[in-house]
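Below is one structure, written out as structure tokens; comments come after it.
Chain letters run A, B, ... following the sequence lines, proteins first, then strands; residues in each count from 1.
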Amino acid sequence: MATQEVQVNETLVHLKTESETLKSKLEEERAKLHDVELHQVAEKVEGLGQFVMKTRRTLKGHGNKVLCMDWCKDKRRIVSSSQDGKVIVWDAFTTNKEHAVTMPCTWVMACAYAPSGCAVACGGLDNKCSVYPLSLDKNENLAAKKKSVAMHTNYLSACSFTNSDMQILTSSGDGTCALWDVESGQLLQSFHGHAADVLCLDLAPSETGNTFVSGGCDKKANVWDMRSGQCIQSFETHESDINSVRYYPSGDAFASGSDDATCRLYDLRADREVAIYSKESIIFGVSSVDFSLSGRLLFAGYNDYTINVWDVLKGTRVSILFGHENRVSTLRVSPDGTSFCTGSWDHTLRV
Amino acid sequence: MTIRTARPDRVQHFRPRMHCLKKLEAVVVEMQSGVKGSEQKLNVTTIPHVIIGKDIIAWITNKMKTTTEESEAFGTMLVAYGYIYPLQNHRKLVMCNDSSLYRFQTPYFWPTQKWVAEHSDYAIYLAKRNIRKKGMLEPYEQAHYNHLHEWLNHKWDFIVMQATEQYKYVNHPTERAYWIVNKPPRRTHSAMDSGLELLIDPNSDEKIPFDVYRRMNLFYQQAIMRSKVKSSVSLGALNKYVTTYKNHDPFLAPCLPSNPWLTDNDTYWTLNMRQVEVPTKMRVERWSFSLFELLSDLRGRDDFKIFLKKEFSGMGTFLAPGAPRWINIDGRTMGLTVKGLDHPHRYVLEAAQTHVFLLMKKDTFFRYLKSPVYKEIEKKALNPEPHNFSPAQLEQNAQNRSPGIHPLILWQQDEAEKAKAAAASAPVDVKALMSKLDRKK
């Protein structure tokens, strides 16, 4: 018996060393093709001027921390969810509340608007993702038509519709992501590979739309193939949990925001990290990131109640915005890029 | 259907990772030697060991080389985490850049990653307060007290005993400050009032099992094999993307006629709706960036369909021998592809259709851009004049924000149109037709 144990241990050690060697070889290969830095490429690009960004709308109505929000494709409506279990659909332009749903659980950490604008999906501590079709009738109880779509073994951290209303992609505290069919509630594909809670995900904007990226508490950002369920690329350069990932508008790169107070840009074709957005004076974690329409600006919401705006190409900070009274938990740019919305633990949303 | 994972089902009680604590502590330690404490007179009493908000902010600005606003934000975080506590207005955990009084919290009460505020400690504290305030606790404290009394009933004698002992000598303001940060009253924003507790202890080093290593190694081998692109090429592409879209980014260039969020006038949105007769110039320009852009914009897709109909109405146009890169494909297949683009689902671009789509990207798309269909729409496209609202007009706009059309209504309209189109071109049901003919006989 003892010899068997020793054998297993040896093999484990052997595997571990092999793993380390392979990892350094991968870094070597990546470095070989790295012939220029991003800021060098950006030298010829003209600098950005001064920005005047102000809060244009403040949406009050949640009774507790706002955890997540998403824009509707009509560029003015948003759905937001909060810790007290309420999910509200607003017309952010007029600041009117249009629909409200009370979830049977607290900490609704994920919400998403369907591409057609006819439904919203949300979930959280109930370990499920439910889809609520919206109705023009103000008196209708939306909870009656609710469809339970996803089931995980731990909390739901993020959800997103794919290109249509028929499929939802979810990520969970149980370490997996999954693709579901809305009508039948069937699991279409599951994605295993994270060693800890998966906190965020984003779908690729390309026309083939077959990949997505996820970030987790294991400090890794993984890129997955939606059809095969395989992890095709993985990046582990952050020093702490990755709270948010977002694709660059062209689909060839993505940005991540982490608890280690940095945002990083990863190039998918060159298969490496190409930029770090950080400052000595910024020490609080990033909760949420998003790009402006052209990809030149990266907006990031932080746990120190501020929003920093970075010049993606040059790597410098362009602007810092104040206004929230508690940490910024979620940030999304509107579909046509005319504004961005932030949700915060101070119970409000700002556009 | 549920996803099952192989991980053990432990009770969640680990605090989420707070990566910033080490750096925060380093700053606070430096600050303690940098900011001078003094005695301050407040009304008739003298309070020792006090630091003033202004001084703290000035020190931060100097040390971190930031603006005053940023220093204020940083200072607020120091208070929100409990490293410094306010002496006046102890429930508002913010740092004010004036003569407000603060004090450094004793290191014993500093937040740590490993140690979560114990429930029994909180119970003892509340019991002490109860004695001090002669039973008049704040509502939120009373609620906690009752809850703990029920839950920790078995320990209650011990708790009361500790409370009576400690009541005589523990420093009141520091402990109170600690509990305000860790168990904040309703309207107080504290940084320790953090999110969900994690399933896995972020501090432990997880023992990685056998097969995970195997999988990782396989993954690394595949990754090494995978073809990569030179940085100069891919970064150059990123740069190019930014340059192409520069004028279309509302944060970088003004949108015409005006950004609805700035002027409260939503003409910009109405001009760019799905069903417009004439699109704007910017929109038409964007179609020329890539086939993806063209097809993502439904109005662009309509225009492209018009072009395709014209191109493939004559079946023989592209079966011409020697036509570069064309396969023998008839108008019907092309029609199917176009129809498939109407309802993109996961596998619409399978096999032959993928081939056609790629050809479209490389060839048809560019021909479209040179075609009279596109040139015409370019000429007709609108170029709206920028709005120039006076302050009074802006005020009016703000009062009269238009509600727009609810997406549900638009969707219903869309569905109705699709149904009509489907009915008009329904495929012939051969069986029904045959049986009809049979019956006629």
Side-chain angles (χ1 to χ4, degrees), chain A residues 12 15 18-19 22-23 25-26 29 33-36 38 41 56 72 74-76 93-94 116-118 134 136 151-154 163 173-176 178 187 190 196 207 240-241 250 253 259-260 267 269-271 281 283-284 292-297 304-306 322 325-326 337-339 346, chain B residues 1-5 7 17 19-20 23-24 64 66 69-70 73 77 189 196 198-200 202 206 210 213-214 216-217 220-221 223-224 228-232 234-239 241-242 245-246 248-252 255 259-261 266 269 292 344-345 349 401 403-404 406-408 411:
Chain A
L12 202 66
L15 275 179
E18 199 187 327
S19 186
L22 283 173
K23 202 169 170 192
K25 182 133 194 280
L26 179 61
E29 291 292 317
L33 291 170
H34 188 57
D35 51 349
V36 70
L38 181 58
V41 171
R56 304 288 168 181
C72 175
D74 76 346
K75 312 151 196 167
R76 47 189 289 168
F93 189 63
T94 56
S116 66
C118 301
L134 297 175
L136 289 169
M151 281 279 282
H152 279 277
T153 51
N154 206 335
N163 295 325
D174 65 9
T176 66
L187 172 68
S190 72
E207 58 258 34
S240 186
D241 312 348
S250 70
D259 248 357
D260 65 4
D267 186 324
R269 297 200 294 164
D271 197 28
S281 56
I283 65 175
F284 296 96
S292 71
L293 193 132
S294 64
R296 182 69 194 269
L297 299 173
D304 65 354
Y305 317 174
T306 63
F322 305 92
E325 293 168 16
N326 204 328
T338 47
S339 65
D346 66 2
Chain B
M1 227 192 248
T2 324
I3 303 188
R4 302 232 167 270
T5 48
R7 296 214 307 232
R17 214 193 301 255
H19 200 257
C20 52
K23 292 192 203 147
L24 265 182
M64 303 209 140
T66 53
E69 273 186 304
E70 277 182 80
M77 291 314 286
H189 296 298
L196 268 195
L198 292 182
L199 184 66
I200 302 279
E206 195 166 326
F210 209 57
Y213 267 126
R214 276 232 196 88
M216 268 167 56
N217 291 351
Y220 284 137
Q221 279 164 344
I224 294 171
K228 298 180 234 306
V229 170
K230 270 203 281 195
S231 288
S232 49
S234 59
L235 293 179
L238 284 183
N239 197 0
Y241 188 91
V242 170
Y245 282 83
K246 198 163 53 156
H248 292 257
D249 187 339
F251 278 99
L252 300 176
C255 46
N259 187 330
W261 299 101
D266 66 349
W269 287 332
F292 178 60
H345 61 85
L349 304 170
R401 292 177 192 151
H406 198 284
L408 266 176
W411 182 79

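- In this structure the side chain of B/Val242 never reaches within 4.5 angstrom of the side chain of B/Asp249, judged on heavy atoms.
- Residues passing the ring-ring contact (aromatic ring centres under 6.0 Å, His included) test with A/His34: none are found, sequence neighbours excluded.
- Proximity to chain B (any heavy atom under 4.5 Å) is restricted, for A/Phe322, to the side chain, taken from C-beta onward.
- Ring-plane geometry between B/His248 and B/Tyr245 is classed as perpendicular, the angle between the planes exceeding 60 degrees on a 0 to 90 degree scale with a lower cut at 30.
- Each of A/Ser116, A/Ser19, A/Ala253, A/Gly117 has some count of heavy-atom pairs under 4.5 Å with chain B, and the biggest count is that of A/Ser19.
- Ranked by heavy-atom pairs under 4.5 Å with chain B, the first of A/Leu293, A/Ile283, A/Thr94 is A/Leu293.
- In this structure the side chain of A/Val36 reaches within 4.5 angstrom of the side chain of B/Ser232, judged on heavy atoms.
- Side-chain contact between A/Asp74 and B/Trp269: absent, with no pair of heavy atoms (C-beta onward) separated by less than 4.5 Å.
- For B/Asn217, the parts sitting under 4.5 Å from any heavy atom of chain A are the backbone and the side chain alike.
- Residues meeting the ring-ring contact (aromatic ring centres under 6.0 Å, His included) test with A/Tyr305, sequence neighbours left out: none.
- Ranked by heavy-atom pairs under 4.5 Å with chain B, the list A/Ser294, A/Gly295, A/Ala270, A/Cys118 is led by A/Ser294.
- Residue contact with chain B, scored on non-hydrogen atoms closer than 4.5 Å, involves the side chain of A/Asp267 exclusively.
- When the candidates A/Arg269, A/Glu18, A/Glu29 are compared by the number of heavy-atom contacts under 4.5 Å with chain B, A/Arg269 comes out ahead.
- Of the residues considered (B/Lys230, B/Met64, B/Met77, B/Lys23), B/Met77 shows the highest number of contacts with chain A, using heavy-atom pairs under 4.5 Å.
- Looking at A/Leu26, both its backbone and its side chain come within 4.5 Å of chain B, counting heavy atoms on both sides.
- Heavy-atom distances place both the backbone and the side chain of A/Ser292 under 4.5 Å from chain B.
- Only the side chain of A/Cys72 comes within less than 4.5 Å of a heavy atom in chain B; its backbone stays farther off.
- A 4.5 Å side-chain heavy-atom check between A/Ser339 and A/Arg56 finds every atom pair outside the cut-off.
- Note that NZ of A/Lys75 is 12.0 Å distant from CH2 of B/Trp261, once rounded to the nearest 0.5 Å.
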